[in-house]
Amino acid sequence: MNKKVYVTRRLPEKVMQLMNKTFEYDVNPEPRLATREELINGVKNYGAIITMLNDNIDSDIISMAGPDLKLIANYGVGFNNIDVKAANERGIYVSNTPDVLTDATADIAFTLLFAAARRVIEGDNIVRTSSFAWAPEYMLGYDITGKTIGIIGAGRIGANFGRKAALGFNMKVLYYSHRNSEQLDSIDAEKVELDELLTRCDFISLHVPLTPETKHLIGAAELAKMKSTAILINTARGPVIDEKALAEALTQKVIAAAGLDVYEHEPDVEPVLKTLKNVVLMPHVGSATFGTRDNMGFLVVRNVEAVLEGKEPVNMVRVK
Ligand code: NAP
């Protein structure tokens, strides 16, 4: 059995140290994404490959996998960058890193919500670049505590975010999801249809994975149904929102504001968004805390170790 692992990008130092003790590996030493040739070399010549969420492991790359490849271990919970069906058809497992990044990602959704509702970036810019003077109607934003929040996709992150909203900020929680969420039902959240959520909520936060079903789940028609005071947060995946439609809606004040961590064509961002004051833009950093990125790496190592020992990965991704 080929027990050597290819790592498409250096992981945090503590994770590299753990890997040194756990298995033999080669790593792309450059501070950039692996090239397509490097990915092909990885799938052809190794027993497992550790990939980043922006490595595109499509069916073409998978078709070039060598007979030794047993696992594609993604450093991230989302796995829309991997053709899981093509991998499974060739007997290759896919794994991801759930749970360890749930709090960090829910926290960044809150960061965006607060920054957008209370105009944090605008305020910071004013203080740095000009002068300010308190006045009764100066820099007004939106109330958060006690307001209604809508969660689209009540899985691990969506439910965690909803509980924080209800328990920390006394918010009324509505959610739209495939299944009931026990965690949200236990705080008296209401499971509703998408249209009802769009029309009733003051804040809407996206937590669905990117699938053919969720691409452009939020477009011009959905934005038009939201309150003109609504604030939309996206920490899921960029293509869940039609980004051009969102830029237009923010320009025309169809909705009040947005907070985005992810973009439709990363790392590109719709240029109009960059000109607007009513959107807060973060560079896909949902899980980017010291502790979380270490824990994601430790989980990746556990998955690789299991497969190299002839077992199933601990966090196996399956196509539905
Ligand atoms: P999860 O536990 O699988 O939650 C996703 C939820 O969405 C599930 O309850 C799922 O229901 C539901 N869902 C899927 N498709 C739906 C649809 N069409 N309509 C309604 N509900 C739908 O995943 P998670 O761990 O919470 O992560 C969610 C996503 O966050 C990831 O896929 C990833 O893309 C994103 N993420 C981003 C960052 C970042 O850095 N910004 C960090 C971490 C994660 P079923 O399971 O019943 O299908």
Side-chain angles (χ1 to χ4, degrees), residues 51-56 74-82 84 94-113 115 150-165 173-185 189-198 204-219 222 232-241 243 258-264 266-267 269 280-293 295-297 299-300 314-320:
T51 53
M52 305 302 114
L53 56 84
N54 41 10
D55 290 327
N56 183 16
N74 216 32
Y75 183 67
V77 71
F79 48 84
N80 50 286
N81 58 312
I82 300 171
V84 180
V94 176
S95 67
N96 66 345
T97 61
D99 300 315
V100 290
L101 43 57
T102 294
D103 271 314
T105 310
D107 291 351
I108 206 88
F110 258 110
T111 307
L112 288 166
L113 187 157
I151 290 160
I152 298 186
R156 290 170 289 245
I157 299 168
N160 178 295
F161 178 80
R163 287 181 63 85
K164 285 177 168 148
V173 177
L174 307 189
Y175 71 96
Y176 167 75
S177 205
H178 279 156
R179 289 174 281 159
N180 267 81
S181 158
E182 270 179 40
Q183 283 191 68
L184 289 184
D185 292 346
E190 263 183 76
K191 183 169 185 286
V192 295
E193 290 305 317
L194 184 58
D195 273 6
E196 185 175 348
L197 183 146
L198 296 174
I204 295 174
S205 191
L206 302 177
H207 299 286
V208 282
L210 175 59
T211 65
E213 198 190 350
T214 61
K215 179 158 191 236
H216 284 194
L217 186 66
I218 303 297
E222 289 71 29
L232 177 65
I233 306 299
N234 189 10
T235 59
R237 284 289 182 265
V240 176
I241 299 181
E243 201 165 285
L260 307 176
D261 185 46
V262 288
Y263 303 89
E264 191 166 352
E266 288 180 18
V269 176
V280 177
L281 307 170
M282 287 289 277
H284 199 150
V285 289
S287 65
T289 70
F290 295 105
T292 299
R293 287 285 165 86
N295 288 332
M296 288 164 63
L299 202 49
V300 165
V314 280
N315 306 108
M316 185 170 17
V317 168
R318 299 166 204 268
V319 265
K320 286 193 179 160

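For clarity, every value in this text was computed on a predicted model and none was experimentally measured. Order of appearance sets the numbers: ligands from 1, and atoms from 1 within every ligand.
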Quiz item: Among all protein non-hydrogen atoms, which one is nearest to atom 33 (C) of ligand 1, and what is the separation to 0.1 Å?
Solution: R237 NH1, 3.7 Å

Quiz prompt | Gap separating the CG atom of L113 from the CD1 atom of I233, nearest 0.5 angstrom | solution = 4.5 Å

Quiz item: Hey, which of T289, T235, T292, V77 is the one that makes side-chain contact (heavy atoms from CB on, under 4.5 Å) with T105?
Solution: T235

Quiz prompt | Y175 (side chain) donor-acceptor with G162 (main chain) under 3.5 angstrom | solution = no

Quiz prompt | Short side-chain to backbone donor-acceptor contact, E266 and Y263, under 3.5 Å | solution = yes

Quiz prompt | Ligand-residue contact atoms, ligand 1 with A154, heavy atoms, under 4.0 Å | solution = 9 (O)

Quiz item: What atoms of ligand 1 come closer than 4.0 angstrom to any heavy atom of S177?
Solution: 9 (O), 12 (C), 20 (C), 21 (N)

Practice problem: State whether the shortest distance between N or O atoms of V77 and N or O atoms of ligand 1 falls below 3.5 angstrom. | Solution: no

Quiz prompt | Partner of N74 by side chain to side chain donor-acceptor pair (under 3.5 Å), out of N81, N96, N315 | solution = N81

Self-check item: I241 and L232, any side-chain heavy atoms less than 4.5 Å apart
Solution: yes

Quiz item: Who's the nearest protein heavy-atom neighbour of atom 37 (C) of ligand 1, and how far?
Solution: T235 O, 3.0 Å

Practice problem: Using a strict 4.0 Å cut-off to heavy atoms of T214, name the atoms of ligand 1 that fall inside it. | Solution: 15 (N), 17 (C), 18 (N)

Quiz item: Nearest protein heavy atom to atom 28 (C) of ligand 1, by residue and atom, and its distance?
Solution: H207 O, 3.4 Å

Quiz prompt | Donor-acceptor contact below 3.5 Å, side chain N80 vs main chain L210 | solution = no

Quiz item: Counting each atom of ligand 1 from 1 as listed, which ones have a heavy atom of S287 under 4.0 Å away?
Solution: 40 (O)

Self-check item: Shortest protein heavy-atom distance from atom 1 (P) of ligand 1, along with the residue and atom involved
Solution: R156 NH2, 3.7 Å

Quiz item: Which of the listed options, P283, P209, A236, A288, holds the heavy atom that is closest to atom 32 (O) of ligand 1?
Solution: P209

Exercise. Answer whether the closest heavy-atom distance between the side chains of K215 and R237 falls below 4.5 Å.
Key: no

Quiz item: Out of curiosity, is L210 lining ligand 1, as in a heavy atom under 4.0 Å away?
Solution: no

Quiz prompt | Closest non-hydrogen atom pair, H207 against A109 | solution = CE1-CB, 4.1 Å

Quiz item: Under 4.5 Å between any side-chain heavy atoms of S95 and V300, yes or no?
Solution: no

Quiz item: Hey, does P98 sit under 4.0 Å from ligand 1 if you only count heavy atoms?
Solution: no

Quiz item: What distance separates D99 CG from I157 CD1, expressed to the nearest 0.5 Å?
Solution: 9.5 Å

Quiz item: Quick one: nearest non-hydrogen protein atom to atom 30 (O) of ligand 1, plus distance?
Solution: I157 CD1, 3.8 Å

Quiz item: Less than 3.5 Å between some nitrogen or oxygen of T211 and one of ligand 1, yes or no?
Solution: no

Quiz item: Is any side-chain N of the basic residue among D185 and K191 closer than 4.0 Å to the acidic one's carboxylate O?
Solution: no

Practice problem: Mark yes or no for whether E264, through its side chain, and E243, through its backbone, hold a donor-acceptor pair below 3.5 Å. | Solution: yes

Quiz item: Are side-chain heavy atoms of Y75 and R293 found at a separation under 4.5 Å?
Solution: yes

Quiz item: For atom 22 (C) of ligand 1, which protein heavy atom lies nearest, and how many Å away is it?
Solution: V208 CG1, 3.6 Å

Exercise. Run the numbers for me: atoms of ligand 1, each under 4.0 Å from some heavy atom of R179, listed by number.
Key: 45 (P), 46 (O), 47 (O)

Quiz item: At the 4.0 Å heavy-atom cut-off, does T105 count as touching ligand 1?
Solution: yes

Quiz item: At what distance is the nearest protein heavy atom to atom 11 (O) of ligand 1, and which residue and atom is it?
Solution: H178 ND1, 3.6 Å

Self-check item: Protein heavy atom at shortest distance from atom 4 (O) of ligand 1
Solution: G155 CA, 3.2 Å

Quiz item: Looking at Y176, which atoms of ligand 1 are within less than 4.0 Å of one of its heavy atoms?
Solution: 19 (N), 20 (C)

Quiz item: For ligand 1, which atoms, with element, lie under 4.0 Å from some heavy atom of D261?
Solution: 39 (C), 40 (O), 41 (N)

Quiz prompt | Those atoms of ligand 1 less than 4.0 Å from some heavy atom in E213 | solution = 18 (N)

Exercise. Kindly confirm or rule out an N or O of G153 lying under 3.5 angstrom from an N or O of ligand 1.
Key: no

